[in-house]
Amino acid sequence: MSGRLDMDTGTVKLAPSILAADFACLGQQVAEAEQGGADRIHVDVMDGHFVPNLSMGAAIVQSLRRVTRLPLEIHLMVSDPDVFLEEFAAAGSDSFLVHWEGNNNVHRTVQRIRTLGKRSGVAINPATSPAVLEEIVHDVDQVLVMTVNPGFGHQPFLRTTLPKIERVRELIERLKPRCEVEVDGGIDATTAPLVVRAGATVLVAGSAIFGDRDGVAAPMKRLRTALNAMERETEPAGRSALQRSQPCNSE
Ligand code: DX5
Ligand code: ZN
């Protein structure tokens, strides 16, 4: 988006995805992410049906709840998200991201999340048009743009999603400016500045944070450094686009 060259990257939130963490020391890795400046923890839940992979259930959330004060964000890649909401909410989840794809009643799902007192977001896959968000964005706190096809970590970032992030940002500015725009998949120090420039305000990163031989804090710092460098390269010109897009609820 050519007009958005002024931004304050301090407002960009980082959401480490534990899918890439070492599960033998998960609590320690999450603690390191918290110390390294994580804003929330992203938990990928897969049922082997909605996506061709299995991951984790509510027991993991229950354990994590005891070791971190960070918000726990649950990305449900499951065929029937409604079935799992109560269990994950009771385990200590703070927010749910549910897919638009495959859910004939996504508005009902979002209502259920709100009834449970949790934040909600709708996720769209790379092949899904941002236009579908128009009818649901008023009812959610955030949208999630998948920048890889869901199901696995360590996949390369799909650059074709960049213009789509811009379109999502335009839609959000038009309909609900305080809604967060989150991206998920292939985010690292190279791609982070690209997605933020396109309009993202929350970045999920798995392998870039938990797959680094220097530990967890070092790659998080590299991500922040890359974002700060991008900010320095751009010319301040009035009110920041990111400042216009603060989250609905502060964390
Ligand atoms: C993919 C998941 C992502 C995944 C990202 O389906 O939704 O959250 O953990 O992993 P990386 O950052 O390695 O692409
Ligand atoms: Zn995810």
Side-chain angles (χ1 to χ4, degrees), residues 12-23 26 29-30 33 36 38-58 60-61 64 70-79 81 84 88 93-103 119-128 140-162 165 180-196 200-214 216 218-220 222-224 226-227:
V12 174
K13 288 181 161 49
L14 295 181
S17 162
I18 60 168
L19 190 63
D22 181 350
F23 277 57
L26 184 59
Q29 296 232 297
V30 167
D39 295 286
R40 62 186 75 165
I41 298 296
H42 184 88
V43 180
D44 289 300
V45 177
M46 307 177 186
D47 65 354
H49 187 257
F50 183 80
V51 290
N53 197 8
L54 284 169
S55 61
M56 55 199 106
I60 297 275
V61 172
L64 287 180
L70 289 177
L72 298 173
E73 163 180 276
I74 315 303
H75 180 188
L76 289 172
M77 287 163 277
V78 301
S79 292
F84 296 101
F88 273 89
S93 307
D94 295 283
S95 61
F96 292 96
L97 298 162
V98 294
H99 275 262
W100 183 86
E101 299 85 6
N103 189 340
R119 300 179 83 234
S120 67
V122 168
I124 55 171
N125 282 341
T128 301
V140 297
D141 304 290
Q142 58 191 105
V143 297
L144 177 69
V145 179
M146 292 304 300
T147 42
V148 298
N149 287 297
F152 301 93
H154 299 90
Q155 298 182 82
F157 177 79
L158 295 171
R159 283 185 176 253
T160 50
T161 60
L162 283 172
I165 297 167
E180 290 181 321
V181 176
E182 186 168 18
V183 293
D184 185 3
I187 302 301
D188 57 21
T190 302
T191 56
L194 305 180
V195 293
V196 170
T201 52
V202 185
L203 313 186
V204 177
S207 52
I209 288 177
F210 290 112
D212 197 287
R213 62 182 174 187
D214 294 334
V216 175
M220 290 190 68
R222 280 201 290 276
L223 274 172
R224 283 282 178 211
L227 292 172

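In each ligand, atom 1 is the first atom listed, and ligand 1 is the first ligand listed.
Geometry about the Zn ion (ligand 2) gives an angle of 90° between ND1 of H75 and OD2 of D184, rounded in steps of 10 degrees. Rounding to the nearest 10°, we obtain 90° for the angle at the Zn ion (ligand 2) between H42 NE2 and D44 OD1.
The residues R40 and E180 are annotated as salt-bridged, a charged nitrogen and a carboxylate oxygen being separated by less than 4.0 angstrom. Salt-bridge formation is not detected for the pair D22/R213: no Lys NZ or Arg NE/NH1/NH2 atom is positioned less than 4.0 Å from an Asp or Glu carboxylate oxygen. A salt bridge links R222 with D212; the closest basic N to acidic carboxylate O contact falls under 4.0 Å.
Using the six-membered ring where Trp is involved, H99 and H75 have ring planes that are parallel, under 30° apart on the 30 and 60° scheme.
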Put together the list of close N/O pairs, under 3.5 Å, between ligand 1 and the protein, could you?
{"unit_1": "ligand 1", "atom_1": "6 (O)", "unit_2": "G151", "atom_2": "N", "d": "2.7"}
{"unit_1": "ligand 1", "atom_1": "7 (O)", "unit_2": "D44", "atom_2": "OD1", "d": "2.9"}
{"unit_1": "ligand 1", "atom_1": "7 (O)", "unit_2": "H75", "atom_2": "ND1", "d": "3.2"}
{"unit_1": "ligand 1", "atom_1": "7 (O)", "unit_2": "D184", "atom_2": "OD2", "d": "2.9"}
{"unit_1": "ligand 1", "atom_1": "8 (O)", "unit_2": "H42", "atom_2": "NE2", "d": "3.4"}
{"unit_1": "ligand 1", "atom_1": "8 (O)", "unit_2": "D44", "atom_2": "OD1", "d": "3.1"}
{"unit_1": "ligand 1", "atom_1": "8 (O)", "unit_2": "D44", "atom_2": "OD2", "d": "2.8"}
{"unit_1": "ligand 1", "atom_1": "8 (O)", "unit_2": "D184", "atom_2": "OD1", "d": "2.7"}
{"unit_1": "ligand 1", "atom_1": "8 (O)", "unit_2": "D184", "atom_2": "OD2", "d": "3.0"}
{"unit_1": "ligand 1", "atom_1": "9 (O)", "unit_2": "S17", "atom_2": "OG", "d": "2.8"}
{"unit_1": "ligand 1", "atom_1": "9 (O)", "unit_2": "D44", "atom_2": "OD2", "d": "3.0"}
{"unit_1": "ligand 1", "atom_1": "12 (O)", "unit_2": "G206", "atom_2": "N", "d": "2.7"}
{"unit_1": "ligand 1", "atom_1": "13 (O)", "unit_2": "H154", "atom_2": "N", "d": "2.9"}
{"unit_1": "ligand 1", "atom_1": "13 (O)", "unit_2": "S207", "atom_2": "N", "d": "3.0"}
{"unit_1": "ligand 1", "atom_1": "13 (O)", "unit_2": "S207", "atom_2": "OG", "d": "2.6"}
{"unit_1": "ligand 1", "atom_1": "14 (O)", "unit_2": "G186", "atom_2": "N", "d": "2.8"}

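For the atom pair CG (L203) and CG (D184), the distance works out to 10.0 Å, reported to the nearest 0.5 Å. How far CD1 of I74 is from CG of D44: 9.5 Å, rounded to the nearest 0.5 Å.
Among all heavy-atom pairs drawn from D94 and P71, the shortest one is OD2-CA, 3.2 Å.
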